[in-house]
2 protein chains.
Amino acid sequence: MIGALLSIPSFDLSARVHHRLHSRGFREITDSNSTVMKLLGPEGDRITELANKAGVTKQSMGYLVERLEAASYVERVADPRDGRAVVIRRTKKGWAYNRAAAEEVAKLQEEWTQLLGPAKMKELKSLLAELVAKLGHHYEGSYLEAVTRPPGQRRGSQARS
Amino acid sequence: MIGALLSIPSFDLSARVHHRLHSRGFREITDSNSTVMKLLGPEGDRITELANKAGVTKQSMGYLVERLEAASYVERVADPRDGRAVVIRRTKKGWAYNRAAAEEVAKLQEEWTQLLGPAKMKELKSLLAELVAKLGHHYEGSYLEAVTRPPGQRRGSQARS
DNA sequence: CAGTATAGACAGACGCTCTTACTATTCGGA
DNA sequence: TCCGAATAGTAAGAGCGTCTGTCTATACTG
């Protein structure tokens, strides 16, 4: 049952990360909110862009952004290039959340590497990457690679893989 | 990003299966409903058992079962051994749904095998199975193996893997 | 038989999603 | 330049699925 073999570790990972981030004080973040925080680009995005990335309507994304704004993870900035548009950007707290999430994912991945051994772990990731590529998904970097730094800073060693 | 590498194919698979089943006429089944149909044992289960398997409250499971009953996928039968309890069992339509779901999953899995090649596919499943085992999950057979036959019938060749 | 535990239902709340409808702004062609 | 079409976003209302708290009926146990 390939479905369960994929969904069990996938669920396990996100549940554990969510739990650890909750313990670290990021209490307001729900599953849907965390998706927005993953998808939000380093320079911010418009509601419509976020809605497209997440595959939901503008209205649904508006609701999520409203919640994230109320909890001070993001802020709305008027787009100077378009009077209709609003740019959603991470606040300091939003960046702290993303860094913490990347840390916890890295820790969990290390635990999995200990369970399987480095060779098998590498092989597993390689096979999954090939499968994802052949399934034709073309996600922007923001989804396959964690966003942990504001624009203008060099992309350093971590947050890779 | 191991999370995305797992969640993308996992989501892809369930979205496609859901879409195909919808096309085949099983229109009332939502994601939560499909989870119940996966978890429900061949001889039926009580609300409380289902709630435990799914990791939700009795009340939430009661709601889902109510919907499935209204759409004729399951029926409620008084439990002769316990006057408080009710056994939830698949109807004919419920069995048809499970068989159709197993068929579609098998087709998709075949497509993936064509994409990766049989050797890599086998290796991927083996690695995932090892990971799931080492993560300490002990799901009942009903979750890792599709339920497609009423009790009393021999478990035949398909629905395996 | 009395007290406790269990199975399930009821009520209310909230999170997230959708559809329909609307306003404000921008763009593009005559 | 200006008018119509497209786009960004908001508003209102509905439905699903989840939770907590509360309740009844039945079963188990000392």
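Because only heavy atoms are used, hydrogens play no part in the values below, and waters and symmetry mates are left out as well, while side chains stay in. Chain letters run A, B, ... following the sequence lines, proteins first and then strands; every chain starts at 1.
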| note | Across all chains, not counting sequence neighbours, the side chain to side chain donor-acceptor pair (under 3.5 Å) partners of B/Arg89 are none

| task | Just jot down the side chain to side chain contact (heavy atoms under 4.5 Å, CB included) partners of B/Ser126, sequence neighbours excluded, or say none. | result | none

| said: Heavy-atom nearest nucleotide on DNA chain D for A/Val86 versus B/Asp31: which residue maps closer to 5'? | reply: A/Val86

| request: Starting from the first five and the last five pairs of the helix from C/dC1-D/dG30 to C/dA30-D/dT1, work out the angle between the resulting helix axes, to 10 degrees. | output: 20°

| salt_bridge(B/Arg20, B/Glu111) N-O dist < 4.0 Å | yes

| field | Residues in side chain to side chain donor-acceptor pair (under 3.5 Å) contact with A/Thr30, at least two apart in sequence or another chain | value | A/Asn33

| message | Please tell me if A/Thr48 has a side-chain N or O lying less than 4.0 Å from either OP1 or OP2 of D/dG9. | response | yes

| said: It should be established whether A/Ser32 places a side-chain nitrogen or oxygen under 4.0 Å from OP1 or OP2 of nucleotide C/dG15. | reply: no

| request: Send over the distance from B/Asp82 CG to D/dT26 C1', rounded to a whole Å. | output: 7 Å

| task | Mind checking B/Gly83 for me? I need base, sugar-phosphate or nothing, with any heavy atom below 4.0 Å counting as a touch. | result | sugar-phosphate

| note | From CZ of B/Arg67 across to P of C/dA9 the rounded distance in Å is 15 Å

| query | With sequence neighbours excluded, what pairs up with A/Arg27 under the side chain to side chain contact (heavy atoms under 4.5 Å, CB included) test? | reply | A/His22

| query | Has A/Thr30 got a side-chain N or O lying under 4.0 Å from the OP1 or OP2 atom of C/dC16? | reply | yes

Nucleotides 20-22 of chain D: which of its N/O atoms have a protein N/O under 3.5 Å away?
| from | atom 1 | to | atom 2 | distance (Å) |
| --- | --- | --- | --- | --- |
| D/dG21 | O6 | B/Gln59 | NE2 | 2.4 |

| Residue list, side chain to side chain donor-acceptor pair (under 3.5 Å) with A/Asp82, at least two apart or on another chain | A/Arg84

| Is B/Glu103 salt-bridged to B/Arg99, going by a charged N under 4.0 Å from an acidic O? | no

Is there any protein nitrogen or oxygen under 3.5 Å from a nitrogen or oxygen in nucleotides 1-6 of chain C, and what are the pairs?
| from | atom 1 | to | atom 2 | distance (Å) |
| --- | --- | --- | --- | --- |
| C/dT6 | O2 | B/Arg84 | NH1 | 2.4 |

| field | Residues in side chain to side chain contact (heavy atoms under 4.5 Å, CB included) contact with A/Gln114, at least two apart in sequence or another chain | value | A/Glu110

| query | So do A/Lys122 and A/Pro118 actually touch side chain to side chain, heavy atoms under 4.5 Å? | reply | no

| How would you list, by chain and number, every residue that makes a side chain to side chain contact (heavy atoms under 4.5 Å, CB included) with A/Ala129, sequence neighbours excluded? | B/Leu5

| Euclidean distance, atom CG of residue A/Asp79 to atom P of C/dA24 [Å, nearest integer] | 19 Å

Scan the side chains in residues 61-78 of chain A for donor-acceptor partners under 3.5 Å anywhere in the protein, sequence neighbours excluded, and list what turns up.
| from | atom 1 | to | atom 2 | distance (Å) |
| --- | --- | --- | --- | --- |
| A/Glu69 | OE1 | A/Arg76 | NE | 2.9 |
| A/Tyr73 | OH | A/Glu28 | OE1 | 2.6 |

| request: Find the distance B/Asp45:CG to C/dA7:P and express it as a whole number of Å. | output: 13 Å

| remark: The nucleotide from D/dC16, C/dT17, D/dG9 with an atom nearest the side chain of A/Ala85 is D/dG9

| Summary of ring pair (Phe, Tyr, Trp, His ring centres under 6.0 Å) pairs that have at least one residue in residues 100-128 of chain A, sequence neighbours excluded | none

| said: Tell me the interatomic distance from B/Glu49, atom CD, to C/dA7, atom C1', rounded to whole angstroms. | reply: 11 Å

| Nearest-Å distance, CG (B/Asn52) to C1' (C/dG8)? | 13 Å

| Rounded to whole angstroms, how far apart are OH on B/Tyr63 and C1' on C/dG12? | 15 Å

| task | Please report, rounded to the nearest Å, how far the P atom of C/dA7 is from the CZ atom of B/Arg81. | result | 12 Å

